Amino acid sequence: MRYSQYFIPTVKETPSDAEVISHQLMLRAGMIRKLAAGVYNYLPLGLRSIRKVENIVREEMNRAGAIELLMPTVQPSELWQESGRWEQYGKELLRFKDRKDTEFCLGPTHEEVITDLVRREVKSYRQLPINLYQIQGKFRDEIRPRFGLMRGREFIMKDAYSFDVDEKAADTSYDKMYQAYRRIFERCGLRFRAVEADTGSIGGSYSHEFMVLAESGEDAIVSCTACDYAANVEKAEARQTGAADHAEARPLEKVATPDKKSIEDVAGFLDVHASALVKTLVLLADNEPIVVLLRGDHELNEIKLKNLLGCDLLEMAGDDVVLKVTGAPTGFAGPVGIGVKIIADLAVQGMKNFVTGANSKDLHLKNVNLERDFTASVFADIRNVVLGDSCPRCAGGTLEMWRGIEVGHVFKLGTKYSKAMKATYLDADGKEQIIFMGCYGIGIGRTVAACIEQNHDENGIIFPLPIAPFHCIISALNMKEEPVRDCSEAIYAQLAAAGVEVLLDDRDERPGFKFKDADLIGIPLRIVVGAKNLAEGKVELKDRKTGGVELLPVADAVEKVKTAVGEALKQ
RNA sequence: CGGGAUGUAGCGCAGCCUGGUAGCGCACCUGCUUCGGGAGCAGGGGGCCGCUGGUUCGAAUCCAGUCAUCCCGACCA
């Protein structure tokens, strides 16, 4: 491709509405342009990277035995009614009506459509297992799209769905996908971790997320220092190690704590550590008030609590509800004498003589004790793990924390959709059985963005070769000089003939300008053809990642590029 | 949806407080010079100041509403 004939609108200045580095660089490098909030044009350069990721995904899906198809973006409401998600899904599901007033939505995911297809076509155990996938645009009307392709409303996704005769077979399908995902992200040149995750609204019993490690990641993940346990904080558990406090229960005592509302305030005022306090939170679970107890230095994990309660809606109660439940303004709630259901974290179970609110303005209680002063109806793990907690799977390890970007997610769905939508088959005995399902997603655009988050410097993007828009750029310093032009054209032709994806910068621009653009768009290899070196028959070969420069005879440079590309693409 | 902020040339911004001819840098066009890390000089083109209404002799500027975008939170395969 000739740069002068192509379309790469780079910009020198950082766009003011881009916050994270990948978003800034994708805009500056002319890869994407925003059309509306969370909706982007993919420009030629961006599209090339996206296609690279798609092709790696496609190859690995096919290798794992999955079969590609393509489903529509527009989906009829009836299927969603059947699965129950028309009501459940909420406002992220963009709904609309056609001219006949029939309801449709833009597909945020395709469990309903694929299950419908399979139930019509698959009748026998002989047709199973089958795994079908597509690479397609999705639409989710996110409350807050942000960070460019990282969280768009319209985005490109690979989604695969497996269908099996029973749970054991479904586990095999799941494992195949898990392994395929590892290969995909390895081939994309990403540093990532596979972590255990909550299944969220997709439902199902078990899942792993694939997290690209990056400071700007929206998710917190933990991993064990000793074994291979890793999990999203939403899901992560810790071994309960705090030895039970066997201290004598001291008499309950009221203390005045004027205007001390937060844990830090009270701990500071009473000169005790936050872990000697018990935090009392009032929440509304499906509009029923409940009280939750946590050790003062711990945080509530709403997902764990939601899963425990099995409720649809869980929210912090407003000041009015707090006043009604505790009889005091927010900041002085406590479990003693309270009239609603109390759920306590496991860490509270071993505590003695702790401090809580007194359900009365400007008062707290000291030496509060379980059983004697109040009873909790449930003890459960409902807190977020913290740095240094003990690993739940091995003896010696502790938990480390990371930030990650979720680029892939694999789910064991079980029979959630097949049951609701009656996707069944006949087994060898002619008996009707429910199909076991799994679903597996990869955010294609997000993978490119995550890659840039992980691979950049002050001059721009540093693409790993397998997903770079071009393998090599030839910076022809002055195309008007005949030797430079002839040599650049010759290298261009030779590389292209060898299957190297090469961009010839033949623009009438100054050298510095071409170098800046080449660095910005992140092409891994650069050949600089300049009059001075060419007089000695040499050109410069520069590595974008290391910055290393070699002065080589033309033929050697060409060979080296061919070899480097061949190496990088070897699977 | 709650909180905060911003809409002025393609991009980045100033002007607004204190109402009176719309400005700067980059980009773009022409010419000359320059040519290994985003060149210099000279000349030039480009604006419904987000939109609607109000106040005023007069509004980019003041007021009200509205739309859009961004950030924090809640939310989220």
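In this text the structure is predicted, and so the values were computed from the model without any measurement. To find a chain, count down the sequence lines: A is the first, B the second, and so on, and within it residues start at 1.
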What residues in residues 520-532 of chain A put a non-hydrogen atom under 4.0 Å from any atom of RNA chain B? A/L520, A/R526, A/V528, A/G530
Side chain of A/N533 only, heavy atoms from C-beta on: which candidate in B/G36, B/C13, B/C71 is closest? B/G36
For atom P, what is the distance between B/G4 and B/U66, given to the nearest Å? 16 Å
Return the set of residues passing salt bridge (charged side-chain N to carboxylate O under 4.0 Å, His left out) with A/E550 (not counting sequence neighbours), or none when no residue passes. A/K560
With A/E509 via side-chain contact (heavy atoms from CB on, under 4.5 Å) - residues at least two apart: A/R507, A/F513, A/K514
Could you check whether any side-chain N or O of A/R544 sits under 3.5 Å from a backbone N or O of A/I461, counting only pairs where one atom can act as donor and the other as acceptor? yes
Selected nucleotide, minimal atom distance to A/E13 side chain, candidates B/C72, B/C11, B/U34: B/C11
Report the residues that fulfil salt bridge (charged side-chain N to carboxylate O under 4.0 Å, His left out) with A/D219, sequence neighbours left out, ordered by chain and then residue number. none
With a 4.0 Å heavy-atom cut-off, tell me which residues in residues 64-82 of chain A come close to RNA chain B, sorted by residue number. none
Going by side-chain contact (heavy atoms from CB on, under 4.5 Å), name the residues that satisfy it together with A/I143, two or more places apart in sequence or in a different chain. A/E92
Could you check whether any side-chain N or O of A/S22 sits under 3.5 Å from a backbone N or O of A/A450, counting only pairs where one atom can act as donor and the other as acceptor? no
Which label fits A/Y89 and A/W80: parallel for a plane angle under 30°, tilted from 30 to 60°, or perpendicular past 60°? perpendicular
Ignoring hydrogens and angles, tell me if any N or O in the side chain of A/R193 forms a donor-acceptor pair with the backbone of A/A230 under 3.5 Å. no
